[in-house]
Each structure stands twice: as structure tokens, then as C-alpha cells.
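Here's the structure we're looking at; comments come further down.
Lettering of chains follows the sequences in order, A, B, ..., and the numbering in each one begins at 1. Computed over heavy atoms, backbone and side chain alike; hydrogens, waters and symmetry mates excluded.
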There are 2 protein chains.
Amino acid sequence: MPRNRAPVDRTEKRAEIVTAATRLFVDDGYDNTTMGKIAAAAGVTANTIYWYFRDKDQLLIGVLDDVHAQTLIRFTALGELPLGDRILWAVRELTGYHRLVDTVHVRKAQSPEIDDWHNAFHSTWEGWLASNLTLLGVSEADIEPMTRVIVFVIESMLTHPNTELENRATVDVLLRMVDPPTS
Amino acid sequence: MPRNRAPVDRTEKRAEIVTAATRLFVDDGYDNTTMGKIAAAAGVTANTIYWYFRDKDQLLIGVLDDVHAQTLIRFTALGELPLGDRILWAVRELTGYHRLVDTVHVRKAQSPEIDDWHNAFHSTWEGWLASNLTLLGVSEADIEPMTRVIVFVIESMLTHPNTELENRATVDVLLRMVDPPTS
DNA sequence: ACCTGAACACCGTTCAAGT
DNA sequence: ACCTGAACACCGTTCAAGT
């Protein structure tokens with residue numbers, strides 16, 4: 001019996017649970033998804049999930065990490081694009097996950113781990129945006145508030161779905177903050 | 001026995017339940033607040049609440065209507081102020097209700113009535129903002145997306161608490177969209 | 001009309017017991 | 001180490017019964 005047999009199985013089983021939970025959290029929402037449904041979709045019983053995750057919130061973090069990692073990979077694979085196009089790409093890519101966004105905002109008040117995850121999420125994207133704004137010549141003092149505004153608008157665009165045309169218009173007026181039209 | 005005795009009592013009892021629910025939803029969150037706790041705080045048993053509200057979501061709507069109505073009254077009582085100051089006032093006033101905001105965003109997917117309430121809320125404030133932007137000379141085509149951006153940022157400011165100084169800076173750069181600095 | 005005690009169906013989580 | 005059946009505590013909601 002090879003020494004890495006068990007660990008590999010464990011990783012695979014964990015991944016199956018995360019995959020099942022992701023689909024259910026995304027489609028039906030966190031509250032409507034019972035541990036029993038997730039377990040059934042992963043081919044185990046509800047209490048087995050607790051061998052892999054401390055509780056339902058830790059499973060949520062597993063889902064968030066997975067979704068975020070995959071999004072980061074695709075985001076990095078994007079070629080050079082103007083800031084507005086990158087933002088629209090991210091909105092298009094993440095709109096399907098709007099229920100996860102709302103759930104994180106509710107549950108970060110209950111779970112320190114989800115609060116940490118949420119803070120790290122904001123740090124990651126605010127850091128990326130800040131360096132972009134610097135490159136675009138935004139003054140030092142404006143970087144922080146502008147970064148906040150842009151992240152806020154992106155998050156809200158996810159949770160308040162609009163048409164592609166409306167999103168384009170939203171991002172256009174938003175970036176006029178950064179790069180005012182030379183009238 | 002006066003004919004309006006019962007209706008008056010009913011209104012008062014309903015108000016007591018709403019008051020109790022408001023405090024608990026705001027302080028502890030919707031999920032952590034059981035019907036039993038609300039009932040105890042209002043001096044009844046849990047099932048009595050169902051005589052006044054169809055279910056927990058309808059009680060949430062009762063709470064939202066109450067909080068929103070009171071906020072509207074205070075908002076109207078505000079004197080003439082620049083747009084930025086009015087926005088900061090609203091943020092200051094509503095920050096304490098950030099858990100309600102997040103809860104509405106999660107539950108509007110489950111309850112058509114809460115979805116309706118949320119849409120009406122956005123309509124009210126986007127309408128008010130749109131007329132303000134028109135007065136400030138914003139072009140017809142920009143009104144709608146700018147209104148969206150401002151409402152999005154206000155909502156996110158509530159759910160991502162910052163210092164008063166940070167909020168001031170956020171609103172300043174935000175309104176540069178509306179009124180670009182004459183450089 | 002209004003209120004209650006008791007019950008129902010369900011859910012997240014635990015635990016003793018198996019392999 | 002991994003998994004399960006059974007149980008526990010709890011919750012939103014219902015209902016028959018009272019006044």
C-alpha cells in the first residue's frame with residue numbers, strides 16, 4: 001500500500017465536496033443548501049463532510065478559495081487591456097457568483113475566518129487596482145479613495161445585475177473619475 | 001366597548017413586535033435572531049407573531065418599512081446642503097443598519113416581496129439622485145449610469161465601514177465624476 | 001379576534017460504533 | 001484514517017384549543 005494513497009484520496013474527496021457545494025451555493029444559495037444535499041451530491045452522508053471541514057462556514061471558505069483561485073488564473077491569462085475592459089471582464093466573469101458575494105457579506109459578521117477571507121479579497125484587488133491607478137498617473141492622495149470607489153462599484157455590479165450595455169456605461173462614467181475628459 | 005379598541009391595540013402590538021425585531025436584527029443579525037427571541041422581547045410567544053406577520057420575511061419587511069420611513073423623515077428635515085454633504089449624512093445615519101442591507105441582498109433571492117422592497121428602495125433614491133444630478137447640469141445620457149454608481153458606492157460604504165475621514169475622501173473623488181475639477 | 005402549548009418537519013452538528 | 005446511523009439541540013411554522 002503506497003504511502004501517498006490515503007492523502008491523494010483525501011484530496012480528491014475534498015475536491016468533490018467543494019465542487020458539489022459550489023454548484024449548490026451558487027445555484028440555490030447558502031441558506032437553501034443543506035449539508036445533506038451537498039453530501040448526497042458528493043456521494044457521502046452529511047456527517048462525513050465534518051471529517052473534511054470543521055463546519056458549514058469552513059466549507060464556504062473552501063468554495064470561495066476554489067472559485068477565487070480559478071478566477072485569478074483566468075484573469076492573469078488575459079492579455080494587456082485597458083482598465084475599463086478588464087473591469088468589465090471581471091464583472092462578466094463573476095456575475096454568476098453574486099449569491100456568494102452576498103453570503104460572504106452576511107456571514108463575515110458571524111465568522112472571523114470569513115471576515116479574514118473577505119479582507120484578504122479586498123486587499124488583493126485594491127492592491128492590484130492601486131498599482132494600475134498609479135501607472136495611469138493618479139495622484140498619491142487620490143489612489144486610496146478611488147480604489148475603494150472602483151471596488152465598491154464592481155462588487156455592487158455583481159449583486160445588482162444589469163445589461164452589458166448598462167455595465168459599459170457604468171464603467172465609463174466611473175473611470176471619468178480617474179481620467180477626466182479634456183473638455 | 002368602543003369600536004376602535006381592538007384595531008388600536010393591534011397596531012400597538014404590531015409596533016412592539018417590529019421594535020423588538022428591529023433591535024435584534026440590527027444588533028445580532030437576521031439569522032441569529034429567532035422568532036422566540038423577538039417574541040420574548042415583545043412579551044408574547046413565538047407563534048403569536050404569526051397573527052401579525054405571515055412569516056419571518058414579512059416581519060423583516062415591516063422592520064425595513066419602519067426604519068426607512070423614519071430615515072426619510074429625518075432626511076427631509078435636513079436643510080439645503082451640497083450633494084456630498086447629504087450623501088455623507090445618509091451614510092452616517094444608515095451605517096448602523098448595515099446588517100439589514102446585507103440581509104436584504106441575500107433574502108431578495110428567496111422572497112419576491114423583499115425583492116420588490118429592494119427595487120422600490122433603489123427607485124426612490126435613484127429618482128432623488130437623478131433629479132439632483134440634472135440640477136447640477138449633468139448631461140441626460142450620463143444621469144442614469146452616474147446615479148447607479150453613486151447608489152452603489154453609498155450602499156457599499158454602509159456594508160464596509162470606514163472612518164469619517166475616509167468616507168469624506170471617498171465621496172470627494174466620487175463626485176469628481178459629476179463635477180470635474182477645472183484644471 | 002387574539003393568544004397559547006404542543007407538535008411537526010427540518011437543519012447543523014456530535015458521537016459512539018464500525019472498517 | 002475515514003465513514004455511518006442515530007441522536008441532540010434548535011428553529012420556523014402550524015394547528016387545535018382556549019378566551
Legend entry - Criterion side-chain contact (heavy atoms from CB on, under 4.5 Å) on B:Ile38 and B:Phe25, from CA distance to verdict: CA-CA 9 Å; B:Ile38 298 166; B:Phe25 286 168; 4.0 Å; yes

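For A:His105 and B:His98, the ring centers are positioned 6.0 Å apart or more.
Using cut-offs of 30° and 60° for the angle between ring planes, the A:Phe152 and B:His160 rings count as tilted. Aromatic ring pairs are classed by plane angle as parallel below 30°, tilted from 30° to 60° and perpendicular above 60°; the pair A:Phe75 and A:Trp128 is perpendicular. The aromatic rings of B:Phe121 and B:Trp125 lie tilted to each other, with the angle between the two planes from 30° to 60°.
Straight-line distance from the CD1 atom of B:Ile17 to the C1' atom of D:dG12: 15 Å, rounded to whole Å. Atom NZ of B:Lys37 and atom C1' of D:dA9 are 14 Å apart (whole Å). Atom CD1 of A:Ile49 is separated from atom C1' of D:dT4 by 13 Å (rounded to the nearest Å). Remark: P of D:dT19 and CG of B:Asp9 are 20 Å apart, rounded to the nearest angstrom. The separation between A:Phe53 atom CZ and C:dG12 atom C1' is 16 Å, rounded to whole Å. In this structure, the CG atom of B:Asp28 is 12 Å from the P atom of D:dC11, given to the nearest Å. If you measure from atom CG of B:Asp55 to atom P of C:dA9, you get 20 Å, rounded to the nearest angstrom. Separating the CD atom of B:Glu12 from the P atom of C:dC2 is a distance of 13 Å, rounded to the nearest angstrom.
For A:Tyr50, the side-chain atoms get nearest to C:dG12 when compared with the rest of D:dG12, C:dG12, C:dC3. Among the nucleotides C:dC3, D:dC11, D:dC3, the one closest to any side-chain atom of A:Lys13 is D:dC3. Which of D:dG12, D:dT4, C:dT4 sits closest to the side chain of B:Thr45 comes down to C:dT4.
Listed pair A:Arg10 / D:dA1 fails the phosphate criterion, with no side-chain N or O lying under 4.0 Å from OP1 or OP2. For the OP1/OP2 pair of D:dC2 and a distance below 4.0 Å, the side-chain nitrogens and oxygens of A:Trp51 include at least one atom meeting the criterion. For the OP1/OP2 pair of D:dT4 and a distance below 4.0 Å, the side-chain nitrogens and oxygens of A:Thr48 include at least one atom meeting the criterion. For A:Tyr52 and D:dC3, the shortest distance from a side-chain N or O to OP1 or OP2 is below 4.0 Å.
Every residue two or more places apart in sequence or in another chain that forms a salt bridge (charged side-chain N to carboxylate O under 4.0 Å, His left out) with B:Glu144 is listed here: B:Arg148.
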Legend entry - Watson-Crick and G-U pairing of DNA chain D, under 3.5 Å, as dot-bracket with | and [ ]: ||.|||||...|||||.||

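Under 3.5 Å, the side chains of A:Gln110 and B:Asn32 contain a donor-acceptor pair of N or O atoms.
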